[in-house]
Protein chains: 2
Amino acid sequence: MNIADVARRSGLPAKTIRYYEEIGLIRPARSANGYRAFAGADLHKLAFLGRARSLGFSIEECRKLLALWEDRSRASADVKALAEAHLREIDAKIAELRAMRGTLAGLVSCCAGDDRPECPILTDLAGPD
Amino acid sequence: MNIADVARRSGLPAKTIRYYEEIGLIRPARSANGYRAFAGADLHKLAFLGRARSLGFSIEECRKLLALWEDRSRASADVKALAEAHLREIDAKIAELRAMRGTLAGLVSCCAGDDRPECPILTDLAGPD
DNA sequence: CTTGACCTTCCCGTGACGGGAAACCTTATG
DNA sequence: CATAAGGTTTCCCGTCACGGGAAGGTCAAG
């Protein structure tokens, strides 16, 4: 399989696949002409990576997940710990965004939104004076 | 005021303040010795920027907010539109994170988390086979 | 006069790629 | 057989919003 096939089948852009090779997540073979020659296992890994990334795991977390996946003597506790740590990161981000959202929504609801210059959003950003 | 004073009073790191000057958000005067000489207006702008950034506005959005703040003939509708657009971005991010969280929490709850290798998290990431 | 605390600019690194150039390879068509 | 079109390679720069750290100038205190 050439890179375009793998890109189509994995749903990842060719650029991303080359990047993943560069940082050592995959090691596709090479054909005589220098083209990357992807095997089924490479495709499977890329699909795995795509799904892990879509759940918000960082590249380094994906690297660990991939290692666990390939380690048949893994303990599921290690995978679960990784996932739970990521879950806590997600929760922290959601909490931060919700706090922003709350403040901003309050300001927006106070703003007339007409052609006059008075604006509680700017007044708040300008701070207490 | 030197940069350390402004950093302390605005809550922004000196590095950030220099960066904001570099990209044209502020234009502090210079003393004879080459040091930045911040006026009250500069400090006020930096505090404004710090608050806008803490609400998640991008640098370019902050630039627009700053321009609106300094434009006494602004229409509050313009500010409100900017804030509402940002609110929609925040909502989109929250929705994306909540979707991730939902999927991941489901997988985590199915994982035994013991020393056996069987792990539904990895099985799911590996895809339908 | 020296020490130490400031300040300056400059350059590299982050994360996870995307865009685009220059050059090579393959396949289809005339 | 020549050529055109499309696929592939590497390489390098740009993103966003700074942070780290080096090399060197400045200032106030002892």
Side-chain angles (χ1 to χ4, degrees), chain A residues 1-39 42-43 45-46 48-66 86 89-90 92-93 96-97 100, chain B residues 1-39 42-43 45-46 48-66 86 89-90 92-93 96-97 100:
Chain A
M1 274 182 293
N2 279 348
I3 200 166
D5 301 313
V6 188
R8 188 174 35 76
R9 294 213 229 177
S10 68
L12 296 173
K15 275 281 192 182
T16 298
I17 296 172
R18 294 197 189 96
Y19 175 65
Y20 287 175
E21 182 188 14
E22 188 189 335
I23 63 174
L25 286 180
I26 53 168
R27 299 187 184 279
R30 294 288 179 143
S31 303
N33 59 13
Y35 286 18
R36 289 170 183 83
F38 295 88
D42 296 315
L43 177 55
K45 273 195 193 183
L46 287 168
F48 179 98
L49 289 167
R51 275 183 285 265
R53 292 284 298 132
S54 78
L55 286 181
F57 286 101
S58 73
I59 290 287
E60 288 315 308
E61 287 168 334
C62 287
R63 195 189 299 277
K64 291 176 188 166
L65 285 172
L66 208 47
H86 181 48
E89 289 172 22
I90 291 178
K93 283 185 192 170
E96 191 186 350
L97 286 171
M100 284 181 186
Chain B
M1 274 182 293
N2 280 348
I3 200 167
D5 301 313
V6 188
R8 187 174 36 76
R9 295 212 229 176
S10 68
L12 296 173
K15 275 283 193 181
T16 298
I17 296 172
R18 294 196 190 96
Y19 174 66
Y20 287 176
E21 181 188 15
E22 188 188 336
I23 62 174
L25 286 179
I26 53 168
R27 298 185 185 282
R30 294 288 179 142
S31 303
N33 57 14
Y35 288 16
R36 287 170 183 83
F38 295 87
D42 296 315
L43 176 56
K45 273 195 192 183
L46 287 168
F48 180 99
L49 289 168
R51 275 184 285 266
R53 292 285 296 133
S54 78
L55 287 180
F57 286 101
S58 73
I59 291 286
E60 287 316 308
E61 286 168 334
C62 286
R63 195 189 298 278
K64 289 177 189 165
L65 284 172
L66 208 48
H86 181 48
E89 288 173 23
I90 290 177
K93 284 185 192 170
E96 191 186 349
L97 286 170
M100 285 180 186

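Throughout, a chain's letter reflects where its sequence line sits, starting with A, and its residues are numbered from 1.
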* To do: Answer with base, sugar-phosphate or nothing: what part of the nucleic acid does B:Ile3 contact at a heavy-atom distance below 4.0 Å?
  => sugar-phosphate
* To do: Using only side-chain N and O atoms of B:Asn33, determine if any of them is under 4.0 Å from OP1 or OP2 of D:dG25.
  => no
* **Under the side chain to side chain contact (heavy atoms under 4.5 Å, CB included) test, residues paired with B:Met1 that sit two or more places apart** => B:Asp5, B:Val6, B:Arg9, B:Phe38, B:Leu43
* For A:Leu66 against A:Leu25, the heavy-atom pair lying closest together -> CD2-O, 3.6 Å
* State whether A:Glu60 and A:Arg63 are salt-bridged, where the test is any N-O pair (Lys NZ or Arg NE/NH1/NH2 against Asp/Glu carboxylate O) under 4.0 Å. => yes
* Asked: Taking everything shown except A:Arg27 itself, do over 12 heavy atoms lie less than 6.0 Å from its CZ?
  -> no
* Structure fact -> Per the under-4.0 Å heavy-atom filter, residues of residues 4-22 of chain A near DNA chain D come out as A:Ala4, A:Lys15, A:Arg18
* Within this structure, what is the NZ-to-P distance between A:Lys93 and C:dG15, rounded to whole angstrom? -> 13 Å
* To do: Would you please test A:Ile26 and A:Ile17 for side-chain contact (heavy atoms from CB on, under 4.5 Å) and show each step?
  => CA-CA 8 Å; A:Ile26 53 168; A:Ile17 296 172; 4.0 Å; yes
* Is A:Arg36 near enough to D:dT9 that one of its side-chain N or O atoms lies under 4.0 angstrom from OP1 or OP2? -> yes
* Separation of A:Leu55 atom CG from C:dA16 atom P, in whole Å? -> 15 Å
* Tell me: OH of B:Tyr35 to C1' of C:dT8, nearest whole Å? -> 8 Å
* Structure fact -> Closest non-hydrogen contact found for A:Ser31 with A:Ala37 is OG-CB, 3.5 Å
* Nearest-angstrom distance from the residue atom CG of A:Leu49 to C1' of C:dC17 -> 14 Å
* **OP1 or OP2 of D:dT10 under 4.0 Å from side-chain N/O of A:Arg30** => yes
* **Nucleotide D:dC18, atom P - distance to CD1 of B:Ile26 in whole Å** => 12 Å
* To do: Examine D:dG7: is either OP1 or OP2 under 4.0 Å from a nitrogen or oxygen in the side chain of A:Asn2? Give yes or no.
  => no
